[in-house]
Amino acid sequence: MSTAKGGNGTDGTPPAGGKGGGAKGQRSRAASAGASGAAPRSRTGGSAVPVGGAAPLTAGRIGVYLLLLVAAVLVACAGTLVQAAWFPGGLVLALCGVGGLFYGGAAATGTSAGVLIPGAAWLMTVFLLLSDVRPEGDFLFGPGVGSYVFLLGGILIAVICATATQRRMMGVRAG
């Protein structure tokens, strides 16, 4: 049986100092674990999970990013053709496709890279299609307002989805 004067917290008496820590100058395990800067562990007792949204780069995640990249190029090409073919409805359909791609990428990966990778691929594809002028003077984007709405609307949707993903990762609630 222990007869230590300060108590050690194992026999029901509080440790010396009142707040936990045993001897003078020592911290409790709970206080030192929070202040050490170590990554917090998951509640299920698994390995450390980074808090800042830096998900581990696995082969599956790389595969999803590559699929999102290819899908972004296809959505950009299809949106370029559809938005000009059926003006008001085609533009709305093209922007809904872009929004679905970006939101789906964020939901599938749970990271902002799920929006940024297809967003960059979409933007580069649209700019390449926009700047590609044939010697005959033909190009895919017409000089109408629909082309500009498609370009700026797609960029705006990418920014909104990336921002919403960052807020969700940080745990900020709406309202």
Side-chain angles (χ1 to χ4, degrees), residues 34 36-44 46-175:
S36 67
R41 299 196 178 272
S42 66
R43 291 183 184 227
T44 59
S47 63
V49 176
V51 175
L57 196 60
T58 62
R61 190 173 298 271
I62 292 172
V64 170
Y65 289 150
L66 288 176
L67 284 174
L68 286 171
L69 190 109
V70 170
V73 171
L74 293 175
V75 167
C77 292
T80 299
L81 298 174
V82 168
Q83 64 89 19
W86 310 299
F87 173 60
L91 179 62
V92 171
L93 182 65
L95 288 175
C96 285
V98 169
L101 171 72
F102 296 153
Y103 181 77
T109 61
T111 62
S112 59
V115 178
L116 298 177
I117 289 174
W122 180 85
L123 190 64
M124 294 305 293
T125 304
V126 168
F127 273 124
L128 287 176
L129 293 175
L130 179 68
S131 64
D132 186 30
V133 179
R134 296 179 36 193
E136 296 88 16
D138 298 336
F139 53 95
L140 291 174
F141 281 99
V145 72
S147 300
Y148 297 112
V149 171
F150 177 64
L151 180 65
L152 295 176
I155 293 170
L156 183 66
I157 290 171
V159 168
I160 289 170
C161 287
T163 305
T165 304
Q166 285 291 329
R167 290 176 55 101
R168 200 174 327 135
M169 285 175 18
M170 291 174 49
V172 177
R173 292 191 175 130

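The structure presented is a predicted model; accordingly, all values stated were derived computationally and were not measured. Keep in mind that the numbers below use all heavy atoms, side chains included, and drop hydrogens, waters and symmetry copies.
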Considering only heavy atoms from C-beta outward, does the side chain of [X] approach that of [Y] to under 4.5 Å?
X    : Y    : value
I62  : T58  : no
L69  : P118 : no
L156 : I160 : yes

| task | Mind checking the CG-OG1 spacing from L116 to T165? Nearest 0.5 Å is all I need. | result |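 Reported value, rounded in 0.5 Å steps: 8.5 Å.
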Which pairs would a plain distance check flag for residues 90-105, meaning a side-chain donor or acceptor within less than 3.5 Å of a matching protein atom at least two apart in sequence or in another chain?
none

| Could you give all pairs that pass the side chain to side chain donor-acceptor pair (under 3.5 Å) test and reach residues 63-84, with sequence neighbours left out? | Y65-T111
So which atom in [X] and which in [Y] form the shortest heavy-atom distance, rounded to 0.1 Å?
X    : Y    : answer
G114 : L68  : O-CD1, 3.8 Å
A76  : V126 : CB-CG2, 3.8 Å
A106 : V115 : CB-CG2, 3.4 Å

| task | Can you sort out the partners of L152 under side chain to side chain contact (heavy atoms under 4.5 Å, CB included), two or more places apart, ordered by chain and number? | result |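 With sequence neighbours excluded, L152 shows a side chain to side chain contact (heavy atoms under 4.5 Å, CB included) to no residue whatsoever.
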| message | Test side chain to side chain contact (heavy atoms under 4.5 Å, CB included) on L66 and V70; report intermediate values, then the result. | response | CA-CA 6 Å; L66 288 176; V70 170; 5.7 Å; no
